[in-house]
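Note sheet for the following structure.
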Amino acid sequence: EVQLVESGGGLVQAGGSLRLSCAISGVSLVPFDDYSIGWFRQAPGKEREAISCISLYDGSTYFGDSVKGRFTISRDNAKNTVHLQMDSLKPEDTAVYYCAAAVGLRRPWLPSEVGAIDVWGQGTEVTVSS
């Protein structure tokens with residue numbers, strides 16, 4: 001069974017930075033290099049939002065409009081880990097951030113492809129104070 005373990009959430013002031021990490025572990029019949037890993041977030045009272053994703057196969061990425069230009073995503077295939085660097089944080093970035101993986105998808109998943117997500121992390125809280 002594959003698991004995703006997130007780390008790096010916390011409290012930061014507006015304009016600051018945080019880095020989230022998502023480590024993949026467990027036994028998979030599909031090579032981890034064939035995974036697409038990314039992040040959703042959900043704020044209280046709001047719908048879940050897909051914000052970024054990276055293909056472990058070729059490094060191609062997706063960013064939602066709300067984070068484009070402020071967030072970057074990277075992969076470390078040797079460590080089966082994905083990092084989300086969040087800069088210029090705003091209070092509206094406050095949410096629970098969930099790592100998500102699509103197995104065997106060699107390209108970034110899109111927001112409309114929630115059904116393609118096979119594994120979810122437990123979530124990590126990010127709070128941005130004004």
Side-chain angles (χ1 to χ4, degrees):
E1 181 181 352
V2 175
Q3 294 180 327
L4 303 177
V5 179
E6 299 127 332
S7 60
L11 172 66
V12 65
Q13 288 188 332
S17 299
L18 281 175
R19 189 174 85 153
L20 304 184
S21 297
C22 177
I24 315 160
S25 64
V27 178
S28 174
L29 297 179
V30 177
F32 289 141
D33 285 358
D34 286 349
Y35 279 43
S36 181
I37 307 287
W39 299 86
F40 287 81
R41 69 185 181 188
Q42 188 162 23
K46 294 188 177 181
E47 292 187 354
R48 181 174 51 195
E49 177 188 9
I51 56 171
S52 185
C53 181
I54 188 167
S55 164
L56 298 191
Y57 179 71
D58 63 5
S60 54
T61 59
Y62 160 83
F63 291 95
D65 289 341
S66 64
V67 304
K68 202 171 292 183
R70 300 188 297 122
F71 291 11
T72 56
I73 191 168
S74 61
R75 57 180 176 153
D76 184 341
N77 286 46
K79 296 182 179 179
N80 295 330
T81 301
V82 170
H83 303 289
L84 183 70
Q85 178 66 38
M86 306 186 294
D87 298 321
S88 302
L89 283 162
K90 305 175 181 179
E92 51 263 45
D93 293 317
T94 295
V96 178
Y97 284 67
Y98 297 91
C99 184
V103 179
L105 186 66
R106 291 182 168 183
R107 59 168 176 78
W109 40 253
L110 299 176
S112 59
E113 295 179 313
V114 175
I117 302 301
D118 300 290
V119 189
W120 291 90
Q122 79 282 2
T124 185
E125 287 194 45
V126 171
T127 303
V128 185
S129 63
S130 57

Does Ile37 form a side-chain contact (heavy atoms from CB on, under 4.5 Å) with Cys99? I'd like the steps, not just the answer. CA-CA 7 Å; Ile37 307 287; Cys99 184; 3.7 Å; yes

For residues Val114 and Val96: do they belong to one hydrophobic cluster (side chain heavy atoms under 4.5 Å, members Ile, Leu, Val, Met, Phe, Trp, Tyr)?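 They do share one cluster, since a chain of ILVMFWY contacts under 4.5 Å joins Val114 to Val96.
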
Tell me whether Val119 is reachable from Ile73 by hopping between hydrophobic residues (I, L, V, M, F, W, Y) whose side-chain heavy atoms are closer than 4.5 Å.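 Yes, one cluster joins them.
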
Are any of the side-chain nitrogens in Lys68 or Asp65 under 4.0 Å away from the carboxylate oxygens of its partner?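 Yes.
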
So [Y] and [X], do their side chains get closer than 4.5 Å, heavy atoms only?
X: Thr124; Y: Ser7; value: no
X: Ile24; Y: Leu56; value: yes
X: Trp39; Y: Val82; value: yes
X: Val103; Y: Tyr35; value: yes
X: Ile51; Y: Leu84; value: yes
X: Asn77; Y: Phe32; value: no
X: Tyr98; Y: Glu6; value: yes

For [X] and [Y], indicate whether the former's side chain and the latter's backbone hold a donor-acceptor pair under 3.5 Å.
X: Ser60; Y: Arg107; answer: no
X: Glu113; Y: Ile117; answer: no
X: Ser52; Y: Tyr62; answer: yes

Evaluate the ring planes of Phe40 and Trp109, with Trp represented by its six-membered ring, and classify them as parallel (under 30°), tilted (30 to 60°) or perpendicular (over 60°).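 It falls in the parallel class, under 30°.
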
If you compare all heavy atoms of [X] against all heavy atoms of [Y], which two are closest, and at what distance to 0.1 Å?
X: Ser130; Y: Pro91; value: CB-CG, 3.9 Å
X: Tyr97; Y: Arg41; value: OH-NH1, 2.9 Å
X: Lys79; Y: Thr81; value: O-OG1, 2.8 Å
X: Ser36; Y: Leu105; value: CB-O, 3.3 Å
X: Ser28; Y: Val2; value: CB-CG2, 3.6 Å

Step by step, would you call Val126 with Leu18 a side-chain contact (heavy atoms from CB on, under 4.5 Å)? CA-CA 9 Å; Val126 171; Leu18 281 175; 3.8 Å; yes

How long is the straight-line distance from [atom2] of [Y] back to [atom1] of [X], given to the nearest 0.5 Å?
X: Cys22; Y: Gln3; atom1: SG; atom2: CD; answer: 11.5 Å
X: Gln13; Y: Leu89; atom1: CD; atom2: CG; answer: 11.5 Å
X: Thr61; Y: Arg75; atom1: OG1; atom2: CZ; answer: 10.5 Å
X: Arg19; Y: Ser17; atom1: CZ; atom2: OG; answer: 11.5 Å
X: Asp87; Y: Asp93; atom1: CG; atom2: CG; answer: 10.5 Å
X: Leu4; Y: Ser25; atom1: CG; atom2: OG; answer: 7.5 Å

Worked check of side-chain contact (heavy atoms from CB on, under 4.5 Å) between Leu20 and Met86: CA-CA 8 Å; Leu20 304 184; Met86 306 186 294; 3.7 Å; yes

Can you confirm whether Glu92 is buried at CD, in the sense that more than 12 heavy atoms of other residues, nucleotides or ligands lie under 6.0 Å from that atom?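 For Glu92, atom CD is crowded (more than 12 foreign heavy atoms under 6.0 Å).
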
Counting heavy atoms not belonging to Tyr57, are there more than 12 under 6.0 Å from its OH?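 It does not: Tyr57 OH has 12 such atoms or fewer within range.
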
